[in-house]
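Numbers for residues simply follow the sequence, beginning at 1. Whatever order the structure lists them in is the order used to number ligands and atoms, beginning at 1. Source: prediction; values computed, not measured.
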Amino acid sequence: MKRLEKLYEGKAKILYATDNPDLLIQYFKDEATAFDGKKKGIIKEKGILNNKISSRIFQYLEDKGIPTHFVERPSDREMAVKKMQIIPIEVVVRNIAAGSLAKRMGVEEGTPLKKTILEFYYKSDPLGDPMINDYHIEAFGLAQKFEADVLKEMALEINGYLSKFFDERGITLVDFKLEFGRHKGQILLGDEITPDGCRLWDKQTKEKMDKDRFRRDMGKIEEAYQEVCRKVLE
Ligand code: UDP
């Protein structure tokens, strides 16, 4: 497979065409952003670590029967993925209150939830990804009703598998963000699953092992990503 022209450059990844019309290459950068891109920085080797972490997790989910866009990891920073029509919805799954939820509901970070929460956000940089619900999805034609139902079902199933996967490695999966797309009539999990889009806390010490270390200037960012990578590859 040959890498061809750049199709899109995002905050953390670049998307390239390939000589196979069904496949794209996701290139993982070291750039990190937070607060709608207002905070910018570099996390050294993040691209390499995130590619390893995401590839392993997609493989694990595929083994469990979750369809993903993952094909292979041809190099340190490249992931070959199935070309999808992106569904412009971010699905956030929350097991413990943290971040924007803790703030919005006025509870302390780490407050347990009686039930897993699913949230939808409309993927739009200029609008700052506003929160939406099932009604907005249908009313604005972002996806069909049955597709929204599939996203919910898949997100909860993925949460079950990933919570167990991380728990077995001494990590609590607090919350995370998923993106999906359509490919040959099927809905696939897309994007990436990495400490950039998940809150991961050490099960024993509760220490943060994710992008919150960057967002909140907590230091030891590279070390945290390396530790997550080491544990994910166990
Ligand atoms: N998240 C993400 N991209 C976004 C917004 C959120 O990957 O644009 C992830 C974030 O890393 C966390 C979860 O989704 O794991 C919930 O984030 P939250 O709504 O608490 O927002 P934040 O505190 O990150 O602004």
Side-chain angles (χ1 to χ4, degrees), residues 8-13 26 28-41 43 46-47 49-51 53-54 57-58 68-69 86-113 115-133 136 142 151-152 154-156 158-159 161-163 165-167 171-181 189-203 206-218 221 224-225 228-229 232:
Y8 171 79
E9 178 150 6
K11 286 175 274 197
K13 296 188 292 296
Q26 275 196 148
F28 287 76
K29 303 191 282 184
D30 288 347
E31 271 93 341
T33 62
F35 313 118
D36 291 328
K38 287 187 215 66
K39 183 181 169 104
K40 285 195 177 80
I43 301 175
K46 173 169 83 81
L49 295 166
N50 276 359
N51 192 19
I53 293 168
S54 210
I57 291 178
F58 279 137
T68 79
H69 69 159
I86 294 298
I87 298 174
I89 298 171
E90 297 191 346
V91 183
V92 169
V93 183
R94 302 179 181 274
N95 297 309
I96 295 173
S100 71
L101 176 70
K103 212 166 152 188
R104 199 154 47 83
M105 294 304 288
V107 299
E108 224 180 287
E109 257 207 335
T111 303
L113 300 171
K115 187 180 156 90
T116 296
I117 294 176
L118 280 190
E119 294 170 351
F120 291 130
Y121 294 86
Y122 173 42
K123 234 174 108 63
S124 163
D125 278 339
L127 298 175
D129 300 345
M131 195 195 276
I132 54 173
N133 63 29
H136 301 86
L142 305 181
L151 297 195
K152 285 192 245 181
M154 283 179 76
L156 290 176
I158 290 165
N159 183 44
Y161 293 132
L162 286 188
S163 294
F165 179 89
F166 281 112
D167 185 74
I171 296 173
T172 303
L173 178 61
V174 173
D175 59 30
F176 58 101
K177 186 258 300 173
L178 298 173
E179 294 185 30
F180 297 87
L189 174 66
D191 195 42
E192 62 176 75
I193 297 184
T194 66
D196 274 11
C198 301
R199 284 199 168 90
L200 304 168
W201 294 355
D202 184 289
K203 212 162 114 181
K206 305 264 195 294
E207 206 176 349
K208 296 186 197 308
M209 306 171 74
D210 54 59
K211 204 165 93 175
D212 273 346
R213 302 199 72 86
F214 168 77
R215 293 188 188 101
R216 304 177 191 186
D217 293 320
M218 297 171 77
I221 308 168
Y225 277 65
V228 170
C229 188
V232 163

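A salt bridge links R104 with E119; the closest basic N to acidic carboxylate O contact falls under 4.0 Å.
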Q: Could you walk me through whether H136 and F120 pass ring pair (Phe, Tyr, Trp, His ring centres under 6.0 Å), step by step?
A: CA-CA 10 Å; H136 301 86; F120 291 130; over 10 Å; no
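Heavy-atom proximity to E90, at under 4.0 Å, picks out these atoms of ligand 1: 4 (C), 8 (O). Within the listing of ligand 1, atoms 14 (O), 16 (C) sit less than 4.0 angstrom from a heavy atom of V92.
Within 6.0 Å of the CE atom in M105, the count of heavy atoms belonging to other residues, nucleotides or ligands does not exceed 12.
Residue contact check for ligand 1: D196 places a non-hydrogen atom closer than 4.0 Å to it. Using a 4.0 Å cutoff on heavy atoms, R94 counts as a contact of ligand 1.
By the criterion of a heavy-atom distance under 4.0 Å, both the backbone and the side chain of D175 are placed next to ligand 1. Only the backbone of C198 comes within contact range of ligand 1, with a heavy atom under 4.0 Å; no side-chain atom does. For D129, every heavy-atom contact with ligand 1 shorter than 4.0 Å involves the side chain, none the backbone. Here K211 has no heavy atoms under 4.0 Å from ligand 1, in either its backbone or its side chain.
Under the 3.5 Å distance criterion, the side-chain polar atoms of K46 are matched with a main-chain donor or acceptor of E31. Judged by distance alone, the side chain of N51 and the main-chain N or O of S54 form no donor-acceptor pair under 3.5 Å. In this structure, the side chain of K203 does not engage the main chain of F166 through any donor-acceptor pair within 3.5 Å.
A cation-pi arrangement is present between K39 and F214, with the terminal nitrogen or guanidinium carbon under 6.0 Å from the aromatic centre and inside a 45° cone about the axis.
Scanning all protein heavy atoms for the shortest distance to atom 3 (N) of ligand 1 gives K177 CE, 3.5 Å. In terms of protein heavy-atom proximity, atom 25 (O) of ligand 1 is closest to S100 CB, 4.7 Å. Nearest protein heavy-atom neighbour of atom 10 (C) of ligand 1: R215 NH2, 3.6 Å. Nearest to atom 23 (O) of ligand 1 among the protein's heavy atoms is R199 NH2, 2.7 Å.
Looking at I57 and V232, their side chains come closer than 4.5 Å, going by heavy atoms from C-beta outward.
Note that atom 13 (C) of ligand 1 has protein non-hydrogen atoms nearby, at separations under 4.0 angstrom.
Contact between G99 and E109 at its shortest, heavy atoms only, is N-OE2, 2.9 Å.
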